[in-house]
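Please read all numbers here as calculations on a predicted model, not as lab measurements. Numbered from 1 within each chain, the chains take letters A, B, ... in sequence-line order.
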Protein chains: 2
Amino acid sequence: MAIPYEQLDWNALKAFLIAAREGSFSKAANQLGVTQPTLSRQIFNLESELNVTLFERLSTGLKLTDAGSRLLDFVAPMAPTAQNFSLAVAGLTESLEGEVSLSVSEIDALFRLPELIEFIHQQAPSIQLTIHVSNKASNLKQRDADIALRSFRPSEPDLIAKKLTDEPIWFYGTPNYLAKYGHPTQREQIQTMQIIGFERKLTLINHLNSLEWPVAESNFNLVTSFQGLQWELVKRGLALGFFPQAIGDQEPSLTKAFFPLGPVMVLPLWLVTHRELRTSPRINRVFQLISEWFIKKQS
Amino acid sequence: MAIPYEQLDWNALKAFLIAAREGSFSKAANQLGVTQPTLSRQIFNLESELNVTLFERLSTGLKLTDAGSRLLDFVAPMAPTAQNFSLAVAGLTESLEGEVSLSVSEIDALFRLPELIEFIHQQAPSIQLTIHVSNKASNLKQRDADIALRSFRPSEPDLIAKKLTDEPIWFYGTPNYLAKYGHPTQREQIQTMQIIGFERKLTLINHLNSLEWPVAESNFNLVTSFQGLQWELVKRGLALGFFPQAIGDQEPSLTKAFFPLGPVMVLPLWLVTHRELRTSPRINRVFQLISEWFIKKQS
DNA sequence: GAATAGCCATACAAATATGTATACCCGATC
DNA sequence: GATCGGGTATACATATTTGTATGGCTATTC
């Protein structure tokens, strides 16, 4: 009855292979990084377990038994397999080629990624980028993506995070829309205006109220979570919208509203990745390139 | 730089394989015959050594990383190899087919083996017998043969020995040769007779002297170590010869000399084998058959 | 023949691995 | 929402393995 391979001591099989190759416990022990008595005991234990004498011990070294010779042929292929595994490990940990997945919000995908991807591709052309676009927080722990841009600090202790910037978020509108309301500069003036809303608008309303913006549901007649549509509706002069300053200021048809009051809020932008940053040169490289790009953009 | 396969922990590779297959440390631990914390630590150590994260740990179990998936493909072939090895072990320890080598002296080869081999072949036809004929003691430890018939007890502690019989050794001669010397019955009468000598005849002379046979070099004018020729020369009436009683009595043309004085000496006959008797069904079987044959021959 | 080097096996002390117990997390069910 | 079952990680006690030191054997060299 054959012992299941799960129950076999694979290190003892390795020891058998090396001892047979070297013809000596002393020499094989050197190769294995153990001492001769240890190896002697390991082979003895293997022989006991298998109920087969693998070697005769001579004072001049080892002599394979017939059984030993025969079994050696069966176990020998494990060595090249293990070596191929080790080469694959080295290839994985040392190579800059391969795929890195990046998770970003819709607005970042529309306004930042074109330029950022061009930058990354110039710096590391062998890296394949896969972009996941979602406004939901990517689950990096479950490997939805390797790297994410997020506007909140990650709470998972396993993730690695770097803060890229603090982004002012302003109300933006067309000059015509703002002229229609007299170029408002007081918070109370917002009560007669429209703001593009998200799906969870009660949360948004409460949050703006806590920031002392006296808004109500009547200010949110247009609701969409798709940030690209928000952008287009604001550009058509239908309502105000919230946008990061770095993005809003790039659009000539939009201008900040309530300018003397400053930004509505400030959101952090975090670059997040999972533990593999420490072992994957590719992920590490992309992480660094994104970081550099934001630094450049701020200077 | 790839780690040499000798330095890899093959049991950890096995653990990786099984954990990936089961998708759970708890289940894999069961398969491996260890506990979950042990397996958890083993994989942690492997990840540290390889500098690669193989699994993400979820409270619902394990999720292979990209790296883990990729490396799994490289290490997977080790499992069938190990299983083939285990099957080969089982085949070796359980099979009655295969070769057994037997070492015997010339005289046994000539007079006993024909009948013994026929008996063994009838009882175990799948076993291949290889017969080594030599008057030198076979070195069983060095695997010159699996089993030996010897007229002295083995001194090597590693060998397994069974005493088959105590063989009387007689002087034999033709009736004509004995009549020529008056059918001798006194030890002194041997001084005028010829005895077939071995190559080391001084040792033989000393030994016979110690047994109170008054012989000298002049009694050994014919010397050969080839036992078959000794036999033929004695049958031609040229001299006396020493033969085991069981063999000498089978030859009608020969008769015991000095019969009232009894055998010249008594030599034991041992059946010897190496440790593999305990693990090889074939060797065990041949050992037993030989033993049985001698028992039958004596009754 | 004596000395030396190389080899394997064994006893005892030290180091390492493993098992037990426990805490925490998540998902499913009631 | 509370409970249960399944899962992983960690601390501490226990068991096992390994290293060090030593002895015995053989082959080679002087």
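For A:T38, a side-chain nitrogen or oxygen approaches OP1 or OP2 of D:dG19 to under 4.0 Å. For the pair B:S59 and C:dC25, the criterion of a side-chain N or O lying under 4.0 Å from OP1 or OP2 is not met. For C:dA9, one of the phosphate oxygens OP1 or OP2 lies less than 4.0 angstrom from a side-chain nitrogen or oxygen of A:S40.
Counting to the nearest Å, the C1' atom of C:dC8 and the CZ atom of A:F55 are 13 Å from each other. Counting to the nearest Å, the C1' atom of D:dT17 and the CD1 atom of A:I43 are 15 Å from each other. B:L58 places its CG atom 10 Å from the P atom of D:dA9, with the value rounded to the nearest Å. With rounding to whole Å, B:L64 atom CG is found 13 Å from D:dT8 atom P. When rounded to the nearest whole Å, the span between CD of A:E49 and P of D:dT16 equals 15 Å. Straight-line distance from the CD atom of A:Q42 to the C1' atom of D:dG19: 12 Å, rounded to whole Å. As a whole-Å value, the separation of A:L62 CG from D:dC25 P is 19 Å. What separates CG of B:L32 from P of C:dG19 is a distance of 11 Å, to the nearest Å.
Nearest heavy-atom pair, B:I43 versus B:F55, reported as atom, atom and distance to 0.1 Å: CG2-CD1, 3.8 Å. Considering every non-hydrogen atom in both A:K163 and A:P268, the closest pair reads CE-CB, 3.9 Å.
Contact check for A:S40 versus A:F44: no side-chain heavy atoms found under the 4.5 Å cut-off.
In this view, B:S59 satisfies the side chain to side chain donor-acceptor pair (under 3.5 Å) rule with no residue, not counting sequence neighbours. Applying the ring-ring contact (aromatic ring centres under 6.0 Å, His included) criterion to A:F85, with sequence neighbours excluded, gives no partner residue. In this structure, the side chain to side chain donor-acceptor pair (under 3.5 Å) partners of B:T130, at least two apart in sequence or on a different chain, are B:E99. Scanning for side chain to side chain donor-acceptor pair (under 3.5 Å) contacts around A:S151 gives an empty result, with sequence neighbours left out. The side-chain contact (heavy atoms from CB on, under 4.5 Å) test applied to B:A109 returns B:V104, B:V133, not counting sequence neighbours. Every residue two or more places apart in sequence or in another chain that forms a side chain to side chain donor-acceptor pair (under 3.5 Å) with A:S101 is listed here: A:D146.
Picking from C:dT18, D:dT8, C:dC26 the nucleotide with the shortest atom distance to the side chain of B:T60 gives C:dC26. Side-chain proximity of B:R57 to C:dG19, D:dT8, C:dA9: nearest is D:dT8.
Contact check of residues 19-27 of chain A against DNA chain D (heavy atom, cut-off under 4.0 Å) returns no residues at all.
Within the 4.0 angstrom heavy-atom criterion, base atoms lie near B:Q36.
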Please tabulate, one pair per line, all N/O donor-acceptor pairs under 3.5 Å involving side-chain atoms of residues 70-80 of chain A, not counting sequence neighbours.
none

Check residues 1-20 of chain A and write down every donor-acceptor pair under 3.5 Å in which the side-chain atom is one partner and the other belongs to a residue at least two apart or another chain.
{"from": "A:Y5", "atom 1": "OH", "to": "B:R21", "atom 2": "NH1", "distance (Å)": "3.0"}
{"from": "A:E6", "atom 1": "OE2", "to": "B:R21", "atom 2": "NH1", "distance (Å)": "3.1"}
{"from": "A:E6", "atom 1": "OE2", "to": "B:R21", "atom 2": "NH2", "distance (Å)": "3.2"}
{"from": "A:Q7", "atom 1": "NE2", "to": "B:Q31", "atom 2": "O", "distance (Å)": "2.9"}
{"from": "A:D9", "atom 1": "OD1", "to": "A:N11", "atom 2": "N", "distance (Å)": "3.0"}
{"from": "A:D9", "atom 1": "OD1", "to": "A:A12", "atom 2": "N", "distance (Å)": "3.2"}
{"from": "A:D9", "atom 1": "OD1", "to": "B:N11", "atom 2": "ND2", "distance (Å)": "2.7"}
{"from": "A:W10", "atom 1": "NE1", "to": "A:Y5", "atom 2": "O", "distance (Å)": "3.2"}
{"from": "A:N11", "atom 1": "OD1", "to": "B:W10", "atom 2": "N", "distance (Å)": "2.8"}
{"from": "A:N11", "atom 1": "ND2", "to": "B:D9", "atom 2": "OD1", "distance (Å)": "2.7"}
{"from": "A:K14", "atom 1": "NZ", "to": "B:E6", "atom 2": "O", "distance (Å)": "2.8"}
{"from": "A:K14", "atom 1": "NZ", "to": "B:L8", "atom 2": "O", "distance (Å)": "2.5"}

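Between the axis at the start and the axis at the end of the helix from C:dG1-D:dC30 to C:dC30-D:dG1 there is an angle of 20°, using five pairs per end and rounding to 10 degrees.
Remark on DNA chain C: of its neighbouring residues A:G61 and A:F44, the 5'-side contact belongs to A:G61, judged by nearest-heavy-atom nucleotide.
For residues 37-48 of chain A, the salt bridge (charged side-chain N to carboxylate O under 4.0 Å, His left out) pairs, not counting sequence neighbours, are A:E47-A:R57.
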Polar atom pairs between nucleotides 11-15 of chain C and protein, under 3.5 Å, N or O only, would you list them?
{"from": "C:dA11", "atom 1": "N6", "to": "A:R41", "atom 2": "NH1", "distance (Å)": "3.4"}

